[in-house]
Amino acid sequence: MVSRMGRRTNLAPYLFLLPAVVLMLVFVYIPVIESFRFSLFKWNSFSPEWTWVGLGNYRKLLPDPIFWQSIGNNIWYAIISVAIQVFLALMLAALLESHAVGRRLSTFFRTSLFLPAVLAITIVGVTWQMLYRPDTGLINQVLHVVGLDSWTRAWLGEERTAIFSVIAVSQWQSLGYLMVLLIVAIRAVPRELYEAARIDGAGIWRQFRDVTVPGVRETTLVLVIITVVGAFKVFDVVWVMTAGGPNHASEVLGTFLYRTAFRDDEMGYASAIATMLFFITFALAAVQLWAGRSGKDA
Amino acid sequence: MANVKPAASATWSLPRVRSHPEAASPLMRWSVIVLFGVFTVVSLYPMIWLLTNSFKTDFDLFEASWALPEVWHWENYRRAWDFGIARYLINSVLVTTVSVSLTVTVSLMAAYALSRFRFRGQTAFLFFILGGLMLAPEVSLLPLFRILQQLGIYNTYLAMILPYVAFGIPFVTFLMRSYIMGLPRELEEAAYIDGAGPLGVLRNVIVPLSRPIIASAALIEAMRVWNEFMFALTFISSEDLKTLPIGIMSFVSALQTEWTVVMAALVLSALPMIVLFLATQRQYIEGLTAGAIKG
Amino acid sequence: MSASIHSRRGILKLGLAAGVAAAAPVALGGRIAPAARAQEQVTLRFFHKWPEPEQIAFYQGVIDAFQAENPNIKVQMDAVGDEPYKDKIRILMASGDVPDIYFSWAGEFAWKFARAGRALDLTSAFNDTDWKDNVVNSATEPYMWDGKLFGIPMRINAKFMAYSKAKFDELGLSAPTTWDEFLAVCGAMKESGLTPISFGNQFPWASSHYVGDFNAKLVANDVRMADYRLEADADALFIDPNYVEALSRFKSLNDEGYFNNSPNGISHDQARTAFIAGRSGMIYLELEEFVNLAESPMGQDGFGFFQFPSGTGGAGDQKLITGAPDGFMISSATKYPEEAIAFLKYLTLPKNGKEYVKQLGIPSASVGAVTEENAIPQVVEGVNQIAAASGLALWLDTDMNTKVVEAYLPGFQALLTGSKDPQGVMDDVHNAAVEAQTDQSDQ
C-alpha cells in the first residue's frame with residue numbers, strides 16, 4: 001500500500017519537505033557553518049577588514065577563565081534543572097496522579113504550579129530582581145521574619161549566590177510546566193500495570209519505582225535532553241537578572257557570547273564561543289541519545 | 001521515542017478517564033496537601049506580591065512591601081499604559097500568530113512526508129530536521145544577523161518570524177511525525193481510492209485527524225515565541241516593532257525611577273497570557289481529551 | 001586627545017555659568033534646510049538613550065517644531081536606556097543600519113566612531129556658521145578627534161556628592177573639603193547608626209564614577225592620559241602605584257562600612273530611593289539627578305552638595321570634576337547630511353536648550369540655557385562649579401578602550417565582594433590594556 005502511494009506521488013514528499021528544508025538551511029544550518037568561518041577571523045562591527053587568525057580565537061578561548069566559569073555555571077544549570085524540573089517534577093506528577101487528593105484540588109495545584117510558565121521571562125526576571133533586593137526584597141524579609149537573619153544576603157550581588165539565585169528562578173518558572181508533561185505521560189501508562197502491582201502488594205513508592213518510572217522512561221529521556229541542552233542555551237533570564245555579574249560570577253556561555261560580540265565588539269572571538277557551544281550541545285545530546293538507546297537495548 | 005507523543009501532544013490535554021478505586025489514607029492525603037500547598041504558595045505568592053505592590057507608591061514599596069496598599073494608586077496603571085504597552089502587545093500577538101501558523105503548516109507538511117511516504121533520502125531528511133533540536137540559537141546569532149541584513153529584512157517583523165519558524169520546525173515536526181504515524185490509514189486509503197491527491201489527503205484527512213496535536217504544538221510554539229528574547233533583542237531596533245519581552249526592558253529602563261509603575265506595567269503585560277491560559281484551559285482539556293481517544 | 005578637557009590643549013573653562021549667559025541667543029528664523037532639496041521627502045532616523053517619558057516629550061516637541069518649519073523632513077525617533085544603549089549602538093553599527101543621528105558619550109566612546117570613519121566630520125558646519133555661537137564651545141572638546149569635530153554636545157553633566165541637610169544638621173556636620181574630613185563625616189554618621197553613603201553597583205558603571213574621580217585626583221594627569229589613550233609604552237600601561245591607591249581608597253569606603261550593605265545587589269536608582277527615604281546621609285550623584293531629589297519628598301531645600309574631595313594630597317589635579325558632556329553624532333553613511341545637520345543645529349538652539357532645562361531640570365550645553373528662572377539653585381550652583389573647575393575628568397567607563405573597561409568594571413564588583421584586591425584588579429587592567437594596544441596598532 002505504502003509503496004503504491006510512494007510510486008504514485010514520486011515528487012510529493014520532496015515538495016512537502018521543501019519549505020522546512022529551505023527555512024532550516026538558510027536560518028539554522030548555514031549560520032552554524034558561517035559561525036565557524038567567522039571564528040577564524042579577527043573582526044569587529046566597525047571595521048570592514050577581517051584579519052585571518054586561523055585557530056587563534058580558540059587558542060585564546062581555551063585558557064580564558066571566563067569561558068570555564070561560564071561552562072561551570074551552565075553545568076550547574078543543567079544538573080539542578082534536571083534534578084528539579086525532571087525528577088522532582090516526576091515525583092510531584094506521580095503524587096498528584098496517585099489520587100491522594102480530590103480532582104478539584106489536584107486541578108488547582110496543577111494550575112497553580114503551571115502558572116509561572118505562562119509569564120514572559122523578562123516579567124519573571126524583573127519581578128525576581130525585586131524579590132531578591134537586599135533591602136526591601138521579599139526573600140530577605142521572609143528570612144528576617146522567620147529569624148534567619150544570618151541567611152540574608154544580596155542574592156544577585158554576591159559572587160557565591162548570584163548564579164544559584166538565577167537558577168532558582170528558572171526552576172520556579174518551569175517546574176509546573178514539566179510536571180504537566182509528565183502527568184500526561186503517566187496517564188498513558190496502562191492502568192493494568194498499576195493494578196497488577198497493587199495486587200502484588202506494592203505500596204505507593206514501589207508502584208512509582210516499578211511502574212511509573214519505567215512507564216515514562218521515554219518521555220523522561222527526551223525531557224532530560226531538552227532540559228540539558230536548554231541549560232546550555234540559557235541566555236535571557238541571566239541577561240535580564242544579572243547580565244552575568246558580579247565580576248562574571250553568573251556568566252553563562254550565552255551571556256559571554258553576547259557580551260563578547262556586542263559589548264567588547266570582538267565578533268571573531270564571539271563566533272569561536274558560538275562554535276564551542278555548538279559542539280558542547282551537540283555532544284551532550286548525542287551522548288544522551290546514545291545512552292538512552294543502549295539502555296533500552298540492554 | 002514514540003511514547004513521547006501522548007506527553008507532548010497534550011500540554012493541557014489530561015484525559016480524565018480513570019476512576020480511582022482505592023481512597024488514600026488521611027495521612028497520605030494531608031501530606032500531599034501540605035506539600036502542594038507549599039509549592040502553590042511559592043508559585044503564586046511572587047505574582048500576588050507583584051500585584052499588590054503595583055498599587056503602591058515607591059516609598060511604600062520601600063517601607064511596607066508586605067502590607068496591602070493603604071491607598072490604591074490606580075494612576076500607576078494609567079501611567080504604565082500611557083507608556084505604550086499596547087504597542088508591544090500588538091506586536092507580540094502579530095509575530096506569535098504568524099510564526100506559529102507558519103511553523104505548524106510547514107512542519108505538518110514535513111511530518112506528513114516523513115511519516116507517510118517512502119523515498120530516497122528519507123532518513124537523511126529526518127536527521128536533517130531533527131538535528132535542529134540540538135542547536136542552540138546562540139550559535140546562529142551573528143551569522144543570522146548578517147544574513148537578515150543581506151536579505152534586507154533586518155529590523156522588520158520578518159527578522160523575527162523567519163528564524164522563529166526555522167527554529168520551531170524541528171520540535172513540531174518531531175511531535176507531528178510521531179502523532180501521524182499513530183493514526184489509522186484507512187481514511188487515507190479511501191481518499192486515494194476516491195481520486196484525491198496527496199495534498200487533498202493532507203488537507204481533508206490528516207489535518208482534521210491531527211487537530212489535537214496541532215493545538216498542542218501551536219501552544220508550545222506560542223509560548224516559546226511569545227517569550228523569545230535574544231533574537232528579538234538583536235534583530236529589532238525600532239521601538240515600533242518591539243515585542244513584549246523587549247518592550248518590558250524598554251519600560252524598565254525608561255521608568256526605572258518609578259518601580260511601582262514598572263510593576264503595574266509588568267502586571268499589564270502578564271495579564272493577557274494568564275487570562276488566556278485560565279480561560280482556555282478547560283476547553284483544551286476537553287478538546288484534546290476527545291482527540292486523545294482517537295490517537 | 002585629552003580626557004580631561006584641560007590637559008594638552010591648555011586650560012579651557014566651560015563657560016556655562018548660569019549668570020554668564022551673556023551671549024545673546026542668535027535668532028534663527030525661517031528655513032534651515034537647504035531649499036534645493038525642499039521638495040524631496042526626507043526621513044531622518046534619530047537614536048538616543050533617553051527613553052524616559054519626560055525626555056521623549058521634550059524631544060518630540062522639538063521634532064514637531066522642526067518638522068513644522070521643514071515640512072519635507074520627517075524625524076523618526078527611537079530610544080533605549082543607558083545600559084542597553086551600549087549594546088544596541090554596536091549592533092546597529094554592525095548591521096550597517098546606522099541611524100542618521102545618534103547619541104554618543106564623549107571621549108573614547110565617540111572617537112571610536114570617528115576612527116572607524118562612521119561619524120561625519122562636523123568641523124566646518126560648526127565653526128563656519130552661527131552654530132558655534134549657540135553651543136558652549138569648550139564642551140565640544142571631548143568630541144574632537146584628530147583636530148576635527150565629530151559630535152555636538154546636547155547637555156553637560158558632572159558628579160557631586162549630595163547630602164541630606166536634615167542628617168547633616170542633626171549630627172552637626174558640615175560639607176567636607178578634604179579626604180580626611182570626608183572620612184570623619186562618614187565615621188560620625190556610622191557611629192550614629194546611619195549608613196553614610198547609599199551606593200548601588202549592580203551595574204558597575206556606578207563605581208567607575210568613583211574610581212574615575214580617584215584616578216583623576218591621585219594619578220598625575222599626563223600619566224593618566226597616556227594610559228587612558230593607550231599611548232604609554234606597553235610595559236608602563238596602568239602601572240602607576242597611584243591607580244592601586246585609587247582602588248584602595250574606594251575599597252576602604254566599603255570595608256569601613258561607609259556604603260550600604262552589598263552595593264552589588266542594588267541598582268543606582270534603588271540607592272537613590274534609599275537616600276531619599278532617609279536611609280543614608282549622602283549619595284554620589286549626577287547633576288542631572290538633582291531634579292529627582294528636588295521633586296521627591298526630600299524637596300528642593302532638603303539636600304545640599306559638595307565636590308567629592310577624593311584625592312587630597314594626590315598627584316592629580318584636585319580642581320578636576322568628574323563629568324562629561326553628552327551629545328550627538330551624525331552617521332558618515334547618512335544619505336541626508338545637510339538635513340541631519342539642520343536638525344542637530346535646531347536641537348541645540350539656545351531656545352531649545354532653555355526649554356530642556358525648564359522641562360527636565362538638566363543643564364543643557366546650549367549657550368545661556370541655565371538660568372535662575374528655569375533651574376533650581378543647586379543646578380545653577382553646580383553649573384557654576386563646573387565652570388570654575390580646571391576641567392572635566394570624563395566618565396571612566398566611556399573614556400577608555402572597551403577592553404580595558406571590561407577588565408576594570410568586573411574588578412570593581414570583585415573589590416566590593418573582596419574576591420580581588422586592588423593590585424589584582426590593576427594587573428588585569430594592565431594586561432587588558434596591553435592587549436588593546438596591540439589590537440589598535442594592528443589596525
Side-chain angles (χ1 to χ4, degrees), chain A residues 1-3 5-6 9 12-13 16-17 19-20 23-24 27-28 31-32 34-35 38 95 99-101 109 112-113 115-116 118-123 126-127 131 136 138 176 180-181 183-185 187-188 191 218-219 222 229 232-233 235-236 254 257 261 267 270-271 274 277-278 281-282 285, chain B residues 1 3-4 6-7 10-11 14-15 18 20 24 28-29 32-33 36 39-40 43-44 46 49-50 62 65 106-107 109-110 112-113 117-119 125 129 132 134-136 138-140 142-144 147 162-163 165-167 169 173 198 227 229-230 244-245 248-249 252 266 269-270 273-274 277:
Chain A
M1 212 51 194
V2 168
S3 63
M5 282 158 60
T9 55
F16 282 130
L17 278 167
L23 278 167
M24 286 192 62
F27 295 105
V28 178
V32 169
E34 282 284 276
S35 190
F38 287 4
L95 271 180
H99 307 290
V101 296
F109 287 146
S112 305
L113 264 64
L115 212 49
V118 307
L119 301 180
I121 193 69
T122 33
I123 299 180
V126 176
T127 304
L131 292 168
T136 56
L138 187 68
V180 167
L181 293 183
I183 286 177
V184 180
R187 291 193 177 174
R191 196 74 198 150
E218 300 266 354
T219 306
V222 171
V229 174
F232 276 83
K233 300 200 283 206
F235 167 75
D236 43 18
L257 188 159
M267 298 293 184
S271 302
L277 179 60
F278 166 75
T281 49
F282 201 84
Chain B
M1 269 198 213
N3 275 4
V4 166
T11 309
L14 309 179
R18 313 236 153 77
H20 34 98
M28 177 72 190
R29 183 177 141 78
V32 172
I33 288 177
F36 276 90
F39 274 103
T40 300
S43 280
L44 298 186
W49 181 86
L50 182 69
F62 227 90
S65 76
V106 169
S107 303
M109 281 159 53
Y112 178 50
F117 294 87
R118 304 239 158 202
F119 53 98
F125 277 112
I129 289 180
M134 300 169 193
L135 293 180
E138 279 97 332
V139 178
S140 315
L142 299 179
L144 254 185
I147 288 170
L162 293 179
V165 173
F167 276 89
I169 289 170
T173 306
N227 287 329
F229 183 73
M230 189 177 58
L244 203 58
I248 291 167
M249 295 316 280
V252 167
L266 294 181
S269 340
M273 271 313 244
I274 292 182
F277 168 68

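A, B, ... follow the sequence lines: proteins, then strands. Residue 1 opens every chain. Just the heavy atoms: all of them, side chains too, but no hydrogens, waters or symmetry mates, feed the values below.
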Which one of [options] has the most heavy-atom pairs closer than 4.5 Å to chain B?
options	result
A:L115, A:V32, A:L95	A:L115
A:L113, A:L23, A:T281	A:L113
A:I121, A:L131, A:V126	A:L131
A:F232, A:F27, A:F282, A:F38	A:F27
A:M267, A:M24, A:E34	A:M24

>> Using a 3.5 Å distance criterion without hydrogens, assess whether the side chain of A:S35 forms a donor-acceptor pair with backbone atoms of B:V139.
In response: yes

Contact part of [X] toward chain B, heavy-atom cut-off under 4.5 Å: side chain, backbone, both or neither?
X	answer
A:V28	both
A:L257	side chain
A:A20	both

> Do the rings of A:F16 and B:F117 sit parallel, tilted or perpendicular, given the 30° and 60° boundaries?
Replying inline: tilted

>> Out of B:G132, B:A166, B:A270, return the one with the most heavy atom pairs under 4.5 angstrom to chain A.
In response: B:A166

> Based on non-hydrogen pairs under 4.5 Å, which of B:L144, B:V32, B:L244 is most in contact with chain A?
Replying inline: B:L144

Could you tell me which non-hydrogen atom of [X] sits nearest to which non-hydrogen atom of [Y], and how far apart they are?
X	Y	answer
A:P31	B:S140	CB-CB, 3.5 Å
A:A12	B:P198	CB-CG, 3.9 Å
A:L17	B:A113	CG-CB, 3.9 Å
B:M109	A:P19	CE-CG, 3.6 Å

Between [X] and chain A, which part of the residue has a heavy atom less than 4.5 Å away: side chain, backbone, both or neither?
X	answer
B:L50	side chain
B:I147	side chain
B:I248	side chain
B:F125	side chain

>> Quick check: do A:F109 and B:F39 have side-chain heavy atoms less than 4.5 Å from each other?
In response: no

>> Let me confirm one number: the CG-CG distance from A:L119 to B:L266, rounded to the nearest 0.5 Å.
In response: 9.5 Å

